[in-house]
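Along the sequence shown, the residues carry numbers beginning at 1. The structure presented is a predicted model; accordingly, all values stated were derived computationally and were not measured.
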Amino acid sequence: MSVDSAGFPEPMISNHRGTRGGPTPERQAALDSAILEFGKRSFSEKGVGRTSMEEVSTQLGVSKHTVYRRHPSKLALLKAVLLKDVDDSHETSLKNEITESPEGARRLLLGYVHGEIRRLSSNLYKRVEVEAVGVEEVKNLLICCAARAEDFVRKPLENGYLVRAGDPFYPKHLSEVAVDMLQGLVRRAMLGRLSGPDIEAAFEVRWQVLSALTEKTFSSGQRPLPAPFPSESEECSGAV
């Protein structure tokens, strides 16, 4: 996608139309991408309060109706931008096929750590986080984004990436433990207490603990563990 001197998408989107006069799927996809890209840049540089849907439509050379049809409100656009940022932040770590094995799980968990550090270090997250103070709707969006990122770890582990035997609740409990341990590592990195090789070394310690846990199974005579709370990402699908 071409950009102007300020780094924003070029205002006009190609007007190629389909056989019946409507925009082609390619143009629709290009417009969807341009709206999200401009929204991300505007939220990152100006913040939520100073970003307007009118500016988005003007800069892209489309009607406000076109933008609002895709994103009914500025908060809805922010949600789409933030969720895409979660996926983009973790995509690099997940490009290689993650096999259902201990080594595959190790790469998955380490990828989560690096992906979260990238996401939380971005100008977009930092700007939105500041504006989330006292604004419940924005705060809830950040919670949903954190839960979405956690699902990159939770879902594979809950499906038995590291263990299949033993108590039926065990994979879910393992995912809870893994997420809590890795979040602590990410927080330490964000506070500047860990960097570079120190992050890798700290991860290896946590990986050894998780590996030891997977070697344990619960005998049928033991009292089963209680079911974990439902994933937050399942509860925030209707947010905004």
Side-chain angles (χ1 to χ4, degrees), residues 33 36-37 40 43-44 78-126 128-129 132 138-164 169-191 194-196 199-211 213-214 227-240:
S33 179
L36 292 177
E37 182 62 25
K40 178 178 179 178
F43 289 134
S44 299
L78 177 62
K79 178 181 180 180
V81 166
L82 289 174
L83 291 178
K84 184 177 186 302
D85 186 60
V86 171
D87 294 342
D88 290 346
S89 296
H90 289 274
E91 181 183 16
T92 302
S93 304
L94 299 176
K95 278 184 178 178
N96 296 327
E97 182 180 356
I98 304 297
T99 58
E100 189 171 327
S101 66
E103 178 55 30
R106 180 187 175 280
R107 295 208 316 272
L108 180 78
L109 300 185
L110 183 57
Y112 168 80
V113 170
H114 287 305
E116 280 299 88
I117 291 174
R118 278 193 299 271
R119 182 176 75 88
L120 301 181
S121 300
S122 70
N123 289 335
L124 172 66
Y125 181 85
K126 290 179 179 179
V128 174
E129 184 182 36
V138 178
K139 179 182 176 181
N140 288 338
L141 285 182
L142 293 182
I143 292 174
C144 287
C145 288
R148 173 114 160 194
E150 290 172 9
D151 278 346
F152 282 98
V153 172
R154 290 184 189 277
K155 298 304 182 183
L157 294 188
E158 288 177 4
N159 289 333
Y161 259 46
L162 284 180
V163 63
R164 288 190 177 281
F169 293 136
Y170 186 62
K172 285 196 173 185
H173 283 84
L174 180 63
S175 75
E176 293 290 333
V177 171
V179 167
D180 287 346
M181 292 174 69
L182 298 180
Q183 283 179 340
L185 175 53
V186 170
R187 281 194 293 271
R188 291 179 65 191
M190 295 305 301
L191 290 172
L194 292 173
S195 62
I199 294 175
E200 301 284 337
F203 172 80
E204 287 303 325
V205 172
R206 287 156 178 77
W207 172 248
Q208 292 300 322
V209 172
L210 289 171
S211 297
L213 286 175
T214 63
F229 291 110
S231 170
E232 289 179 343
S233 63
E234 298 172 0
E235 300 173 354
C236 67
S237 58
V240 182

* If you look at every heavy atom in V81 and L36, which pair is closest and at what distance? -> CG2-O, 3.7 Å
* **Donor-acceptor contact present, side-chain R188 to main-chain L194, <3.5 Å** => no
* Less than 4.5 Å apart, any side-chain heavy atom of L141 and any of V128? -> no
* Separation between CG of L185 and CG of D180, rounded to the nearest 0.5 Å -> 13.0 Å
* Evaluate the side-chain proximity of F152 to D87: yes if any heavy-atom separation is below 4.5 Å, no if none is. => yes
* In this structure, which one of R119, E200, H90 forms a side chain to side chain donor-acceptor pair (under 3.5 Å) with H114? -> E200
* To do: To the nearest 0.5 angstrom, please state how far the CD atom of E129 sits from the CG atom of L120.
  => 7.5 Å
* Asked: Where do C145 and L83 come nearest, in terms of heavy atoms and distance?
  -> SG-CD2, 3.9 Å
* Partner residues of K139 under the salt bridge (Lys or Arg N to Asp or Glu O under 4.0 Å) criterion, sequence neighbours left out -> none
* Asked: Between F203 and L182, is any pair of side-chain heavy atoms under 4.5 Å apart?
  -> yes
* Kindly compute the distance separating CG (D85) from OG (S44), expressed to the nearest 0.5 Å. => 7.5 Å
* Structure fact -> Between the CZ atom in R106 and the CD atom in Q208, the distance rounded to the nearest 0.5 Å is 9.0 Å
* Asked: Is R187 salt-bridged to E116, going by a charged N under 4.0 Å from an acidic O?
  -> no
* Out of curiosity, L142 CG to L78 CG, how far, rounded to the nearest 0.5 Å? -> 7.5 Å
* Give the intermediate values and the outcome of salt bridge (charged side-chain N to carboxylate O under 4.0 Å, His left out) for residues K84 and E37. => CA-CA 10 Å; K84 184 177 186 302; E37 182 62 25; 5.8 Å; no
* Asked: Measuring from L109:CG to M181:CE, what's the distance to the nearest 0.5 Å?
  -> 9.5 Å
* Asked: Taking side chain as C-beta onward, heavy atoms only, is R154 less than 4.5 Å from Y112?
  -> no
